[in-house]
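For reference, the structure is listed below as structure tokens.
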Amino acid sequence: MKEIDILQQIKLGEISKVQFKERLLDNYDIGCELVAFSNARGGTLVVGVKDKTGSVNPLSYQEVQETTNTLGNIASENVVPAIRVDVETISVDGGSLVVAHIKEGVNKPYHDNRGIVWVKNGADKRKVFDNAELAEMMTDCGSFSPDEAGVRDATIKDLDENTIKTFLSNKFEKVLVRKGLMGDALHEASLDTVCSAIASGHNGEKLLRNLRFIRPDGKITVAAMLLFGKYTQRWLPVMTAKCICFVGNNLGGTQFRDKVNDADIEGNLLHQFETIMDFFTRNLRHIQVGKEFNSQGVLEIPYTSLVEFTVNALVHRSLNATAPIRIFIFDDRVEIHSPGILPNGLSVDDIVVGTSMPRNMFLFTNAIHLLPYTGAGSGMLRALSENVNVSFTNNDRTNEFVITINRPVGNKDSKESNQFNGNLDTKLGHPDTNLCTDSDTCDNDSDTKLGYSDTDLDANSDTFGSDSDTKRPKITNKQRDVVNFCSVPRSSKEILERAGVIYHSKNIQTYIMSLVDAGYLEMTNPEHPNASNQKYRRSKK
């Protein structure tokens with residue numbers, strides 16, 4: 001880390017991943033900070049900065065040596081299990097700062113030497129007492145697989161034979177075709193007959209044991225109950241979905257166009273998937289696409305994208321979180337709330353380029369034989385290829401991953417015109433669409449946070465006329481602010497936060513790549529444009 005980077009961070013203040021301490025006065029308190037970082041996504045502790053004011057109070061040479069040794073002792077004695085801390089010193093006027101880098105732990109949950117588990121809570125930390133949260137930590141680092149846990153008191157009789165046969169017919173299709181067990185023959189055969197055809201001498205219970213749906217102790221796994229359960233919610237009451245179509249655009253609205261009864265959506269994942277897709281098809285508009293009057297209409301939001309987003313919520317949700325999936329249709333958007341933030345340190349940046357790290361691996365590798373997805377990690381890419389106006393939010397505060405899909409302009413049900421200016425930013429080729437309804441986090445028509453109107457982007461207002469540098473197009477005030485912000489290298493997330501817009505591919509194009517193409521910004525790693533550590537800085541040209 002360079003001096004200019006650390007000084008810039010000090011100006012921005014403490015955040016969840018960066019903490020300041022003037023001096024190490026309380027070893028226990030520092031140990032709690034290291035525990036919280038290890039249980040979260042890691043972080044940085046800067047010693048030599050007053051946390052209340054952000055003013056720098058550099059350490060002397062002797063203090064640097066003492067602080068470095070103390071950090072090592074705290075990491076081994078006050079954090080259980082012990083962790084490793086990478087320490088560096090940064091020279092500043094009057095002395096040095098000690099910067100300690102703590103990685104995300106691989107043996108969660110960590111606790112202090114009094115047995116208390118800590119996690120980050122914004123710029124502060126908090127204690128953890130909830131078993132579900134502890135289980136999520138263990139899941140994160142691979143020491144616990146909730147989909148392979150046992151369902152107490154459930155037996156094979158609580159599983160639906162027809163759903164199991166559907167699963168087996170897809171998984172072992174070639175074998176069953178060779179044995180003549182397809183179509184009506186499969187439907188009429190007993191489960192034991194089908195299993196015996198797949199593996200000689202195996203009945204339903206024995207084959208399910210071999211496929212790990214029944215544990216060695218005889219318990220039915222959570223994955224089996226989710227995939228095949230007759231009445232899944234008897235055993236796993238929160239593993240369901242809530243589907244509501246609102247009148248208007250307010251989550252607090254009390255008028256509904258459609259609301260799926262809890263009893264109608266309860267069941268295994270296949271039943272939930274089919275019920276959710278029915279909810280979409282009857283509440284979203286159908287658009288005429290052919291010239292013929294009787295040509296078949298298509299959903300205003302591509303069906304393929306809805307399938308991928310729905311399957312993602314059903315299969316990748318946190319099984320430790322005690323909350324249902326929530327699906328809302330508003331006049332201007334669709335929201336899919338999936339319990340649990342992205343697993344294994346994934347970011348929105350990762351998933352939009354196709355990175356896949358399934359949270360529930362056993363469920364993921366088996367649900368492919370019941371639900372319509374490939375299992376190759378290409379679901380998000382396939383959904384995005386349909387040109388949907390979608391944004392993703394990894395919400396640590398509410399512990400959920402939210403997909404927001406804006407409904408096309410002109411929706412007859414909409415109470416607000418919500419019109420987009422088709423001429424916006426046309427010289428760079430990026431229509432400025434409103435990607436979110438939250439004015440505090442998105443680039444809405446009145447960008448009061450940065451004080452710039454979106455009319456700055458109007459191509460007809462000479463905003464993009466010739467600059468003093470005729471080789472490059474003129475840019476808006478907001479884009480110029482981004483360029484100045486990148487006087488030191490910035491990540492795409494930092495840039496979009498500065499611009500006051502959500503993390504989305506279209507915003508990346510508008511506020512980053514268009515400036516790269518125009519020569520105002522440059523990549524720090526141009527040979528690998530999609531590198532995870534890619535940053536952007538003001539061009540030196």
How far apart are the closest heavy atoms of [X] and [Y], and which atoms are they?
X: R209; Y: G218; result: NH2-CA, 3.8 Å
X: D192; Y: N203; result: OD1-CB, 3.4 Å
X: T221; Y: R215; result: CG2-CG, 3.6 Å
X: Q233; Y: T240; result: NE2-CB, 4.0 Å
X: S169; Y: L186; result: CB-CD2, 3.4 Å
X: G180; Y: A185; result: O-CB, 3.6 Å

field: side-chain contact (heavy atoms from CB on, under 4.5 Å) assessment of I405 paired with N389
entry: CA-CA 6 Å; I405 314 159; N389 190 352; 5.9 Å; no
Short side-chain donor-acceptor distance under 3.5 Å, [Y] and [X]:
X: D278; Y: T275; value: no
X: N39; Y: W118; value: no
X: S514; Y: Q509; value: no
X: N210; Y: H202; value: yes
X: N507; Y: T510; value: no

Could you grab the distance from atom [atom1] of [X] to atom [atom2] of [Y], nearest 0.5 Å is fine?
X: S38; Y: N107; atom1: OG; atom2: CG; value: 10.0 Å
X: E386; Y: E308; atom1: CD; atom2: CD; value: 9.5 Å
X: K259; Y: D262; atom1: NZ; atom2: CG; value: 7.5 Å
X: I156; Y: I214; atom1: CD1; atom2: CD1; value: 4.5 Å
X: T155; Y: E205; atom1: OG1; atom2: CD; value: 9.0 Å
X: D153; Y: K219; atom1: CG; atom2: NZ; value: 8.0 Å

So do [Y] and [X] actually touch side chain to side chain, heavy atoms under 4.5 Å?
X: T163; Y: L370; answer: yes
X: L269; Y: L363; answer: yes
X: Y110; Y: I83; answer: yes
X: I198; Y: L181; answer: no
X: N360; Y: L319; answer: yes
X: N394; Y: Y503; answer: no
X: R333; Y: N249; answer: yes
X: V388; Y: I301; answer: yes

What pairs with [X] under ring-ring contact (aromatic ring centres under 6.0 Å, His included), at least two apart in sequence or on another chain?
X: F228; value: F167, F213
X: H337; value: F328
X: F309; value: none

When you check the gap from the basic side-chain N to the acidic O, do [X] and [Y] get nearer than 4.0 Å?
X: R257; Y: D331; answer: yes
X: E33; Y: K120; answer: yes
X: E335; Y: R326; answer: no

Can a donor-acceptor pair be found, under 3.5 Å and without considering hydrogens, that links the side chain of [X] to the backbone of [Y]?
X: D112; Y: G115; result: yes
X: N268; Y: G229; result: yes
X: N395; Y: N399; result: no

query: After noting the C-alpha distance and the side-chain angles of S491 and Q534, does the key distance pass the side-chain hydrogen bond (donor to acceptor under 3.5 Å, both in side chains) rule?
result: CA-CA 7 Å; S491 68; Q534 184 68 264; over 6 Å; no
message: Under the criterion side-chain contact (heavy atoms from CB on, under 4.5 Å), I'd like the reasoning laid out for Y536 against I512: C-alpha separation, chi angles, the key distance, then a yes or no.
response: CA-CA 8 Å; Y536 304 86; I512 300 176; 3.7 Å; yes
query: Could K17 and F37 be counted as a cation-pi pair, given that NZ or CZ must be under 6.0 Å from the ring centre and within 45° of the axis?
result: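 That pair does not qualify as a cation-pi contact.
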query: Taking the six-membered ring of Y231, is NZ or CZ of R234 closer than 6.0 Å to its centre and within 45° of its axis?
result: no
query: After noting the C-alpha distance and the side-chain angles of S196 and T193, does the key distance pass the side-chain hydrogen bond (donor to acceptor under 3.5 Å, both in side chains) rule?
result: CA-CA 5 Å; S196 180; T193 299; over 6 Å; no
Set of side chain to side chain contact (heavy atoms under 4.5 Å, CB included) partners for E148, sequence neighbours left out: S145, R212, F362
message: Going by the rule side chain to side chain contact (heavy atoms under 4.5 Å, CB included), which residues pair with D258 if we only count those two or more places apart in sequence or in a different chain?
response: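 For D258 the side chain to side chain contact (heavy atoms under 4.5 Å, CB included) partners, ignoring immediate neighbours, are C245, F279, R282, N283.
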message: Just to verify, what does E133 make a salt bridge (Lys or Arg N to Asp or Glu O under 4.0 Å) with, not counting sequence neighbours?
response: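 With sequence neighbours excluded, E133 shows a salt bridge (Lys or Arg N to Asp or Glu O under 4.0 Å) to R126, given in chain and number order.
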Steps toward side-chain contact (heavy atoms from CB on, under 4.5 Å) verdict (L211, L168): CA-CA 11 Å; L211 295 175; L168 295 175; 4.1 Å; yes
- request: Could you point out which residue of T232, D158, V222 forms a side-chain contact (heavy atoms from CB on, under 4.5 Å) with V151?
  value: V222
- prompt: Stepwise, does the side-chain contact (heavy atoms from CB on, under 4.5 Å) test hold for R285 with R407?
  reply: CA-CA 9 Å; R285 291 171 52 234; R407 300 178 70 179; 4.2 Å; yes
